S.K.: 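I have a structure here, written as structure tokens, and I will follow up with some questions on it.
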There are 2 protein chains.
Amino acid sequence: MAETRWLNEREMRAWSGFLAASALVNRRLDQQLKDDSGLSHPQYEILVRLAAAPERELRMTELANGLINSKSGLTYQITQMEKAGLVRRRSCPSDVRGVFAVLTEAGRARLDEAAPGHVATVREILVDVLTPEQLDALADGLGEVGRRLREQGA
Amino acid sequence: MAETRWLNEREMRAWSGFLAASALVNRRLDQQLKDDSGLSHPQYEILVRLAAAPERELRMTELANGLINSKSGLTYQITQMEKAGLVRRRSCPSDVRGVFAVLTEAGRARLDEAAPGHVATVREILVDVLTPEQLDALADGLGEVGRRLREQGA
DNA sequence: GCCGAGTGATTCAAATTGGAACAACCCATG
DNA sequence: CATGGGTTGTTCCAATTTGAATCACTCGGC
């Protein structure tokens with residue numbers, strides 16, 4: 001193995017800043033959502049993705065990809081949310097194995113109810129803290145980071 | 001409640017980029033550490049913090065405040081790591097309630113062993129992907145984000 | 001039509017998490 | 001020196017997460 005290139009000070013600042021912000025933001029978000037609307041962050045994201053999807057439904061696998069959970073974790077969450085009436089399952093007509101998660105009216109309503117507080121929190125803890133230049137740097141830089149990780153992982 | 005200021009496109013790009021990168025980076029890091037050295041990311045961070053501390057020991061509360069996890073989570077992790085011989089507990093002489101977590105030689109060795117691979121991964125997935133300007137923007141912007149969340153949470 | 005590889009989702013056990021409750025303790029104050 | 005308020009770390013518990021194993025099914029080739 002080649003000798004290790006340790007992080008210089010600039011790199012270290014960026015790395016530990018990212019790590020800390022990542023942990024703190026996630027924790028705060030989770031807390032706000034749970035307190036304010038009884039949803040966990042993963043559940044909120046599921047609702048958002050379903051709401052944005054055509055017909056407001058997605059295959060389980062599609063939902064699991066690009067989401068924080070593993071497939072089994074998604075099965076668990078969808079089961080919970082189905083009990084709560086936020087989504088329902090619909091089996092795929094063309095492939096008996098396939099399952100769609102469908103957003104219900106109640107799920108839609110719950111999302112509409114939770115969204116304003118969520119966005120306000122996102123602004124408060126991140127978006128409104130950054131300058132426009134920093135926002136662009138984040139979008140460009142982290143966008144690329146995400147893209148590469150998606151390719152690699154695939 | 002004032003009407004919601006939704007995110008414009010620039011803000012949305014930054015936010016979802018951050019969210020996705022945060023999840024993917026953490027997952028990747030966890031996986032690399034576990035495969036490569038049998039440590040979880042939380043455990044690795046505990047080792048790092050202890051190694052950097054004077055006398056290579058820290059109070060439980062100080063460790064927990066670092067943002068790893070809740071106090072009870074830390075108790076659990078330290079117990080696991082103690083079984084593995086990476087740390088040991090030492091009760092505080094001046095305060096009977098207090099407990100120090102102390103890095104053992106084995107823990108030190110384990111960290112030295114894991115560090116190069118960890119740093120290489122950090123470079124590969126984040127640091128070397130960003131331009132110096134983006135690194136600075138990340139450090140400044142997210143540094144401020146973290147600072148505010150720390151104050152608020154306190 | 002029938003295998004064999006691969007896919008989609010679920011189930012299961014084990015690990016981990018956070019929060020509330022708890023016991024033991026420090027300390028400032030009266 | 002007694003007391004009440006705040007700390008410290010652990011324990012208990014319910015919820016969640018993950019990976020491996022599993023079941024049911026599709027598809028292409030023979």
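Everything numeric here is computed off the predicted structure, so don't read it as measured data. Chain letters run A, B, ... following the sequence lines, proteins first, then strands; residues in each count from 1.
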S.K.: Residues in side chain to side chain donor-acceptor pair (under 3.5 Å) with A/Arg10, at least two apart?
M.R.: B/Asp136
S.K.: Taking all non-hydrogen atoms of both residues, which atom of B/Leu58 and which atom of B/Ala53 are closest, and how far apart?
M.R.: CG-CB, 3.6 Å
S.K.: Please list, one pair per line, the donor and acceptor atoms closer than 3.5 Å that link side chains of residues 110-127 of chain B to other protein atoms, with sequence neighbours excluded.
M.R.:
| from | atom 1 | to | atom 2 | distance (Å) |
| --- | --- | --- | --- | --- |
| B/Arg110 | NE | B/Ser37 | O | 3.2 |
| B/Arg110 | NH2 | B/Ser37 | O | 3.0 |
| B/Thr121 | OG1 | B/Gly117 | O | 2.9 |
| B/Arg123 | NE | A/Arg5 | O | 2.9 |
| B/Arg123 | NH1 | A/Glu11 | OE2 | 3.3 |
| B/Arg123 | NH1 | B/Asp128 | OD1 | 2.9 |
| B/Arg123 | NH2 | A/Arg5 | O | 3.4 |
| B/Arg123 | NH2 | A/Trp6 | O | 2.9 |
| B/Arg123 | NH2 | A/Glu11 | OE1 | 3.0 |
| B/Glu124 | OE2 | A/Gln152 | NE2 | 2.8 |

S.K.: How many whole angstroms separate atom CD of B/Gln80 from atom C1' of D/dT11?
M.R.: 15 Å
S.K.: With sequence neighbours left out, what residues match A/Glu144 under side chain to side chain donor-acceptor pair (under 3.5 Å)?
M.R.: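 For A/Glu144, the residues satisfying side chain to side chain donor-acceptor pair (under 3.5 Å) (neighbours in sequence not counted) are A/Arg147, A/Arg148.
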S.K.: Would you find a donor on one side and an acceptor on the other, under 3.5 Å apart, between the side chain of B/Ser91 and the backbone of B/Val99?
M.R.: no
S.K.: Output all residues satisfying side-chain contact (heavy atoms from CB on, under 4.5 Å) with A/Glu57, sequence neighbours left out; order by chain, then residue number.
M.R.: A/Glu55, A/Arg90, A/Phe100, A/Val102
S.K.: Considering only heavy atoms, which members of residues 54-64 of chain A lie under 4.0 Å from some atom of DNA chain C?
M.R.: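 By residue number: A/Arg59, A/Met60, A/Thr61.
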S.K.: In whole angstroms, how far is the P atom of C/dA14 from the NZ atom of B/Lys34?
M.R.: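 Rounded to the whole Å, the gap is 16 Å.
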S.K.: Suppose we screen for side-chain contact (heavy atoms from CB on, under 4.5 Å). Which residues come up paired with A/Lys71, at least two apart in sequence or across chains?
M.R.: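 A/Lys71: side-chain contact (heavy atoms from CB on, under 4.5 Å) contacts with A/Thr61, A/Ala64.
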S.K.: If you pin A/Thr79 and A/Gln31 to their nearest nucleotides in DNA chain C, which one's is more 5'?
M.R.: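 On the 5' side of the pair lies A/Thr79.
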S.K.: Looking at residues 83-104 of chain B, who's got a heavy atom less than 4.0 Å off DNA chain D?
M.R.: B/Arg89, B/Arg97, B/Gly98, B/Val99
S.K.: Look at the side chain of B/Gln43 and the backbone N and O of B/Met81, then say whether any donor-acceptor pair between them is shorter than 3.5 Å.
M.R.: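 No.
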S.K.: Mind calculating the distance between CG (B/Asn69) and C1' (D/dT10) to the nearest angstrom?
M.R.: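 Nearest whole value for this atom pair: 15 Å.
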S.K.: Who are the side chain to side chain donor-acceptor pair (under 3.5 Å) partners of B/Arg56, not counting sequence neighbours?
M.R.: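 Per chain and number, B/Arg56 pairs via side chain to side chain donor-acceptor pair (under 3.5 Å) with no residue.
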S.K.: Using whole Å, report how far NE2 of B/His41 lies from C1' of D/dT18.
M.R.: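 About 18 Å, once rounded to whole Å.
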S.K.: Using the test side-chain contact (heavy atoms from CB on, under 4.5 Å), find all partners of A/Ala101 that sit at least two apart in sequence or belong to another chain.
M.R.: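 side-chain contact (heavy atoms from CB on, under 4.5 Å) list for A/Ala101, sorted by chain: A/Leu50, A/Met60, A/Leu63, A/Ile78.
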S.K.: Look at the side chain of B/Asn26 and the backbone N and O of B/Ser22, then say whether any donor-acceptor pair between them is shorter than 3.5 Å.
M.R.: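 Yes.
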S.K.: At a heavy-atom distance below 4.0 Å, what parts of residues 15-25 of chain A sit against DNA chain D?
M.R.: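 Contacts with DNA chain D under 4.0 Å: none.
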S.K.: For A/Ala21 and B/Val145, work out which heavy atoms get closest and say how close.
M.R.: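 The answer is CB-CG1, 4.4 Å.
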S.K.: Identify, with sequence neighbours excluded, every residue that meets side chain to side chain donor-acceptor pair (under 3.5 Å) alongside A/Arg97.
M.R.: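 Scan of A/Arg97 (side chain to side chain donor-acceptor pair (under 3.5 Å), adjacent residues dropped) gives A/Asp95.
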S.K.: Tell me which residues in residues 71-78 of chain A put a heavy atom below 4.0 Å from DNA chain C, sorted by number, or none.
M.R.: A/Lys71, A/Ser72, A/Thr75
